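Here's the structure, in structure tokens; my notes come after.
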Amino acid sequence: MRIIRLDGQSRKNILDELLKRSPNNYEQYSETVAGIVERVRTEGDAALFEYTNRFDCGTIDASNVRVTAEEIQEAYGKIDRRLLETIRKALVNIRAYHEKQKRCSWFDTTPDGTMLGQKVTPLQAAGVYVPGGKAVYPSSVLMNIVPARIAGVERIVMATPCSREGKVNPAVLAAAKEAGADEIYKIGGAQAIAAMAFGTQSIPRVDKITGPGNIFVALAKKAVSGCVGIDSIAGPSEILILADEGANPRYVAADLLSQAEHDELASAILVTTSQELAKRVSAEAERFVEELSRREIIRKSLDNYGYILVADTKEEALETVNLIASEHLEIVTKNPFEDMMKVRNAGAIFLGEHSSEPLGDYFAGPNHILPTNGTARFFSPVSVDDFVKKSSIIYYSREALEKVHGEIEYFAEQEQLTAHANSIRVRFE
């Protein structure tokens, strides 16, 4: 891995490079995605099945697009029993974590007859997207569906690509059943997002779409945002590790590569104040690459977006951490809890040398669908909050309104909205 001395210019260059990975910078695909979305919106099933059969499998139509109970039962017969038990154990942790995120409606009253509050209502229908292609992601099934189920969503729809034979991976189907999906469809890509957003003859529309995907999925979510809700526009995976001279270089290298193997655009960055650690991590990473099955993807990822940044001070290192705003942040320092309090921007934060990133991907409980490409500055991980909406509640008695009607009328008149003022005034004529 390349080692770079951190300064203002190098930091700017790296930030510029990382931003090139954003879906917002792939406008060459936008026209194609817009065409797919528009055709599915206007033509429904006809366009959906044409794209599905062109890009994924060649035999999908209205009769088999929805996964049947028999197919789910077949999946249970094919899934490795140990994997099924692991999925069930992970579900316990994921449910326990997300249960703590539930919010209740609240109401406050006053003696003079006012009531203000907030009514929390689950979404009626949620669409969750689970990618396929380069890998199989039953873990993403759990992370999508569990918070929706806990929120109280009535109808949870899952879309995921099928194989050329028209089958969905058994582990993905079993995970969906265990987590509580109501409907599963064998569709992927931009056409799946459009189908869930607008509805087709075979797939009723949803209110919100969550879940990661490739550049076509990301751009399709961007295109339908506003017609439906979305969680965020996800980019390639990334990890940033903040480590000092006491960190184990072998652990750090292994953790960096755990994200580099996702795809060629994944980013893996170490920020440290130790030149010695930087050299040792680079050497360990080279050794690991030779042993790992996805070595070609890892090499391209590290060549494109892998960095070891050496800062002069801890303060400079932390400033860089906040500027990059990584999806995954590991803090492997002498005082990780203290350093964590200085971090403003990160999707998920892992503390100490035994809290490696895959712990969050699979088992600990927090959601692994996280903001990427610096959007941790303003986005949060997928949570129960993504599957509820909030309505403001306002009640005033005549007595309460009488005390303030003059101020309201005056305020409205200052904005030259006389009908607003009149709406209050007529009650006291």
Side-chain angles (χ1 to χ4, degrees), residues 23 29 32-33 36-37 40 48-61 64-68 71-72 74-76 78-80 83-84 87 90 126-146 156-179 181 183-197 202-203 206 209-221 230-231 233-237 259 261-266 293-294 296-297 361-362 368-370 372 382:
Y29 301 117
T32 299
V33 169
I36 293 171
V37 169
V40 173
L48 174 63
F49 298 144
E50 177 188 329
Y51 288 124
T52 298
N53 293 326
R54 184 194 308 177
F55 298 136
D56 294 323
C57 39
T59 57
I60 297 299
D61 56 31
N64 62 8
V65 66
R66 182 170 175 176
V67 172
T68 64
E71 286 176 299
I72 294 173
E74 180 185 351
Y76 273 89
K78 292 182 177 180
I79 187 174
D80 180 87
L83 176 56
L84 181 58
I87 286 171
V128 299
Y129 186 83
V130 175
K134 293 182 179 179
V136 177
Y137 298 102
S139 58
S140 288
V141 176
L142 310 183
M143 298 296 181
N144 267 298
I145 295 175
V146 168
I156 301 174
V157 175
M158 188 178 93
T160 190
C162 59
S163 67
R164 297 303 301 176
E165 294 74 34
K167 297 290 187 180
V168 176
N169 181 273
V172 169
L173 285 185
K177 177 65 174 177
E178 294 289 321
E183 303 164 26
I184 306 170
Y185 294 97
K186 306 171 188 175
I187 52 173
Q191 62 271 19
I193 302 301
M196 290 192 288
S202 298
I203 303 173
V206 301
I209 300 171
T210 64
N214 63 17
I215 186 63
F216 295 97
V217 170
L219 289 174
K221 286 172 71 177
I230 63 170
D231 50 349
I233 302 169
S237 189
Q259 293 308 288
E261 76 170 341
H262 270 294
D263 67 49
E264 293 87 348
L265 294 176
S293 61
R294 293 165 71 88
E296 293 306 317
I297 292 174
D361 270 355
Y362 297 110
H368 78 201
I369 303 172
L370 303 164
T372 59
V382 165

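Note that the numbering runs from 1 along the sequence shown for the chain. Not measured: the values here are computed from a predicted model.
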For the residue pair Ala175 and Val141, what are the closest heavy atoms and their distance? C-CG1, 3.7 Å
Any donor-acceptor pair under 3.5 Å linking the side chain of Asn144 with the backbone of Val130? no
Can you confirm whether Glu71 sits close enough to Ile184 that some side-chain heavy atom of one is under 4.5 Å from a side-chain heavy atom of the other? no
Can you list everything that forms a salt bridge (charged side-chain N to carboxylate O under 4.0 Å, His left out) with Arg54? Sequence neighbours excluded, please. Glu50
Heavy atoms, side chains only, cut-off 4.5 Å: are Asp361 and Ser139 in contact? no
Between Lys221 and Asp231, does at least one N-O distance fall below 4.0 Å, as a salt bridge requires? yes
Which pair of non-hydrogen atoms, one from Ala220 and one from Val37, has the smallest distance, and what is that distance? CB-CG2, 4.2 Å
I want to check something: taking the side chain as every heavy atom from C-beta on, are Thr52 and Val65 in contact at a cut-off of under 4.5 Å? no
Can you confirm whether Leu173 sits close enough to Lys78 that some side-chain heavy atom of one is under 4.5 Å from a side-chain heavy atom of the other? no
Show your working on side chain to side chain contact (heavy atoms under 4.5 Å, CB included) between Asn214 and Asp263 and close with a plain yes or no. CA-CA 10 Å; Asn214 63 17; Asp263 67 49; over 6 Å; no
Considering non-hydrogen atoms only, spot the tightest contact between Val168 and Cys162 and give its length. CG2-CB, 4.4 Å
Quick check: do Tyr137 and Thr160 have side-chain heavy atoms less than 4.5 Å from each other? no
Please give me the minimum heavy-atom distance between Asn64 and Ile60, naming the atom from each residue. OD1-CA, 3.3 Å
Is there side-chain contact between Ile193 and Val33, with heavy atoms separated by less than 4.5 Å? no
Is Phe55 atom CZ crowded by more than 12 heavy atoms from other residues, nucleotides or ligands, each under 6.0 Å away? yes
Pair Asp56, Lys186 - check side chain to side chain contact (heavy atoms under 4.5 Å, CB included), show working. CA-CA 9 Å; Asp56 294 323; Lys186 306 171 188 175; over 6 Å; no
Member of Thr210, Ile230, Ile369, Val217 meeting the side chain to side chain contact (heavy atoms under 4.5 Å, CB included) criterion with Tyr129: Val217
Taking all heavy atoms of Ala192 and all of Ala159, pick out the closest pair and write down the distance. CB-CB, 4.1 Å
